[in-house]
Visitor: 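First the structure, then my questions, so here it is.
One-based numbering, in listed order, for ligands and for the atoms of each.
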Amino acid sequence: MHSCIFESEVPILLRHKQLQKDYQNISLLPLSSIPLIGNIPQFDKQHHVFFQLLCRLAKQSQDEGKGLFCIWLGITPRIFLCSGQGLESFINNSKQLVKSLHYTFLEPWLHTGLLTSNNDKWRSRRRLITPSFHDTQLLYNFMNIFNEQSYILVRRFDEYAKQENRTHDLYPYISACTLDIIAEAAMGTNPNAQLNDDKNEFVQATARITSIVATRSRCPWLWPTCIFDRIPIGKEQKRVLEILHGFSRKVIQERLATFNSEDVVNKNEEKKQIRRLVFLDSLIAQMHAEKLSFDDIQEEVDTFMFEGHDTTAAAINYCCYLVGCHQDVQEKIHAEMDTIFADDKERACTMEDIQQMTYLDCVIKESLRLLPSVAHVSRQAQEDFVYHGQTIRKGTNVVIFIYGIHHDENVFPNSEKFDPERFSDQNLISTEISPFAYIPFSAGSRNCVGQRFAGLEERVVLSTLFRRFTFHSTQTIDELHIATEGILRPGVLVQMIVKRR
Ligand code: HEM
């Protein structure tokens, strides 16, 4: 599969001199005097320093009114779109839905599931999968799972709360919780990651593979599979994938076994069992109809186990962190929780409760603005297009830089400030400016299929936590050394103190 990278890059290779001219105005870093190297010597090996460079370039391009910039990975240009203004005609264009070649590095893991597939395959999968995550009744059914798993998380945080003034990294507990949620809600199985050891093998393997993919993506010498597979990082990837694929295979086999037997049972009306149908069942039904194979199902299970747990875990963790840095915000959340739940700290959170969480809603949105779980997404231009007056050529790797767009001073004044009021009714940020100025779930027809699921999950988990706990953060954002590895990740452990209210 990876040989395609080079086949598809050939036109770019042949055209790179012309493209250097075309993109001269937006190439904000000077090209190396060594031929064919591009900007690579200017990229720091440390992910967070590289990310800071991208953020600086985004700011510079916004200040200069350009709204985009280009970096050169050797002879391939990568163009970062950093303004919501004008994004619509690209992101909503049905001809521009093809993911960039860098997603190919995810294929050893996710093959061509919904996130990484293109064209007809993507269209038919998206049609098949969307109902499982958009059906309002199904989403209501998930509330029980969100509540049950949140309670387990509370019990684990209680242990931390007993250790007065000690700091803790909450991410392992939170990601175990979101893993159990997606596994139970979508796959009908519960790996009990929350009840097992602190260092879950699946969670750790996911973090490692996303880091390996990020490293490979920005180092052209790691692109050829024949080299990558032979060096330590490639061998490590192979080991990590055995863990991840072993997990998804087990999940499918377990469900497949019960699916068959219950099918038989269901024919007998007297013994008919009511079983909650999950996303995986709809895929298995397609397998019985011979429209999907086991491998087809596995690539979707891998895709959803990753997209469905890591993104949400990052969002919840960053939200706790940011609130822990802003005690005034935390007091307002507590006041809202007390109004909704009064003294009853134990009852389950309902849809009606969620509708009343207007302030928490602003906090969640502002957290996803300041620290979006997915900092960028990429496409490969299928035809020439114009953005902010710049023509971008067919074949170019185009990055929609969500993080940069969310930090645009022209849209979000004082953009580094955590200010949930931006999203309050009175200050309603600017659909007037551009509906694409705030896109944590991407936008258009390739947006996040799990957006509504994630929104509900975040609100149940976070309200359950804020009803009971106060968080205190001990680091500034700069000290977190954040970097984008598919997911926006801190380079150090995020340390927080947890107290019972
Ligand atoms: C706060 C949580 C989440 C955030 C911020 C988020 C964000 C995103 C973004 C930005 C994309 C576009 C990716 C790209 O174009 O490369 C995306 C796609 C996707 N997301 Fe999410 N996501 C979240 C939660 C979820 C959940 C819970 C699920 C599953 C239930 C999910 C499943 C997916 C899938 C399958 C895609 C690929 C869609 C396609 O290409 O058609 N996400 N998500």
Side-chain angles (χ1 to χ4, degrees), residues 81 90-91 94 96-106 110 112-119 121-135 138-139 142 145-146 174-175 177-187 210 213 217 278-280 283 299-319 364-365 367-380 397-403 405-406 436 438-462 484 486-488:
L81 311 186
F90 177 66
I91 212 169
S94 60
Q96 301 281 26
L97 297 178
V98 174
K99 295 288 177 76
S100 79
L101 296 164
H102 294 265
Y103 286 72
T104 327
F105 302 130
L106 287 166
L110 306 177
T112 45
L114 195 62
L115 181 70
T116 40
S117 59
N118 287 312
N119 303 321
K121 177 166 181 183
W122 171 75
R123 269 187 203 87
S124 75
R125 288 282 170 89
R126 180 88 190 200
R127 252 197 313 275
L128 174 75
I129 286 171
T130 298
S132 301
F133 292 95
H134 282 208
D135 182 294
L138 274 178
L139 287 171
F142 293 145
I145 298 171
F146 298 156
I174 293 173
S175 57
C177 174
T178 59
L179 176 63
D180 282 345
I181 286 177
I182 189 69
E184 197 173 346
M187 314 301 166
T210 51
V213 170
S217 169
V278 296
F279 164 67
L280 181 53
L283 299 180
E299 63 191 11
E300 295 305 351
V301 171
D302 286 322
T303 298
F304 277 80
M305 291 304 293
F306 161 54
E307 282 287 318
H309 103 268
D310 214 7
T311 47
T312 327
I316 293 171
N317 196 39
Y318 285 134
C319 187
I364 289 173
K365 286 182 176 145
S367 302
L368 277 172
R369 180 193 69 79
L370 204 58
L371 295 172
S373 312
V374 180
H376 63 68
V377 303
S378 321
R379 308 251 171 103
Q380 191 185 26
N397 177 349
V398 179
V399 178
I400 300 165
F401 193 22
I402 297 176
Y403 186 97
I405 292 171
H406 285 186
F436 296 89
Y438 178 71
I439 48 167
F441 295 95
S442 187
S445 50
R446 266 214 105 150
N447 70 349
C448 175
V449 77
Q451 176 169 353
R452 291 182 66 196
F453 180 98
L456 271 185
E457 176 181 354
E458 265 203 86
R459 280 154 184 79
V460 175
V461 174
L462 283 166
T484 174
I487 301 292
L488 194 71

Visitor: Between K365 and E458, is there a salt bridge with N-O shorter than 4.0 Å?
Guide: no
Visitor: Residues two or more places apart in sequence or in another chain: which of them pass ring-ring contact (aromatic ring centres under 6.0 Å, His included) with Y403?
Guide: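 Only F51, H407 meet the ring-ring contact (aromatic ring centres under 6.0 Å, His included) criterion with Y403.
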Visitor: Tell me, which protein residue and heavy-atom name are nearest atom 7 (C) of ligand 1, and how many Å apart are they?
Guide: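 Of every protein heavy atom, P440 O, 3.5 Å lies nearest to atom 7 (C) of ligand 1.
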Visitor: How close does the nearest protein non-hydrogen atom get to atom 16 (O) of ligand 1, and which residue and atom is it?
Guide: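 Going by distance alone, atom 16 (O) of ligand 1 is nearest to Y103 OH, 2.6 Å.
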Visitor: At less than 4.0 angstrom from any non-hydrogen atom of R446, what atoms of ligand 1 do you find?
Guide: 39 (C), 40 (O)
Visitor: According to the interplanar angle, ranging from 0 to 90°, do the rings of F142 and F146 count as parallel (below 30°), tilted (30 to 60°) or perpendicular (above 60°)?
Guide: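 Answer is tilted, since the angle falls between 30° and 60°.
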Visitor: Should the proximity of N447 to ligand 1, defined as any heavy atom under 4.0 Å, be assigned to the side chain, the backbone, both, or neither?
Guide: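 The part of N447 near ligand 1 is the backbone, not the side chain.
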Visitor: Can you sort out the partners of E457 under side-chain hydrogen bond (donor to acceptor under 3.5 Å, both in side chains), two or more places apart, ordered by chain and number?
Guide: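 Testing E457 for side-chain hydrogen bond (donor to acceptor under 3.5 Å, both in side chains), a comparison that skips the adjacent residues, returns none.
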Visitor: Parallel, tilted or perpendicular for F279 and F304, by the 30°/60° rule?
Guide: tilted
Visitor: Please verify whether a non-hydrogen atom of I129 lies at under 4.0 Å from ligand 1.
Guide: no
Visitor: Does F279 come within less than 4.0 Å of ligand 1, judged by its heavy atoms?
Guide: no
Visitor: Any N or O on S373 sitting closer than 3.5 Å to an N or O of ligand 1?
Guide: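 Between S373 and ligand 1, no N or O pair is found under 3.5 Å apart.
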Visitor: Counting each atom of ligand 1 from 1 as listed, which ones have a heavy atom of R126 under 4.0 Å away?
Guide: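 In order of numbering, the contacting atoms are 38 (C), 39 (C), 41 (O).
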Visitor: Heavy-atom distances under 4.0 Å decide this one: backbone, side chain, both or neither, for H309 against ligand 1?
Guide: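 Neither part.
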Visitor: Cut-off 3.5 Å, no hydrogens considered: what does the side-chain donor-acceptor table look like for residues 126-133, sequence neighbours left out?
Guide:
| residue | atom | partner | partner atom | Å |
| --- | --- | --- | --- | --- |
| R126 | NH1 | N447 | O | 2.8 |
| R126 | NH2 | N447 | OD1 | 2.8 |
| T130 | OG1 | R126 | O | 2.6 |

Visitor: Please report the number of protein N, O or S atoms that lie less than 2.8 Å from atom 21 (Fe) of ligand 1.
Guide: 1
Visitor: Could you find the nearest protein heavy atom to atom 35 (C) of ligand 1 and give me its residue, atom name and distance?
Guide: F304 CZ, 3.5 Å
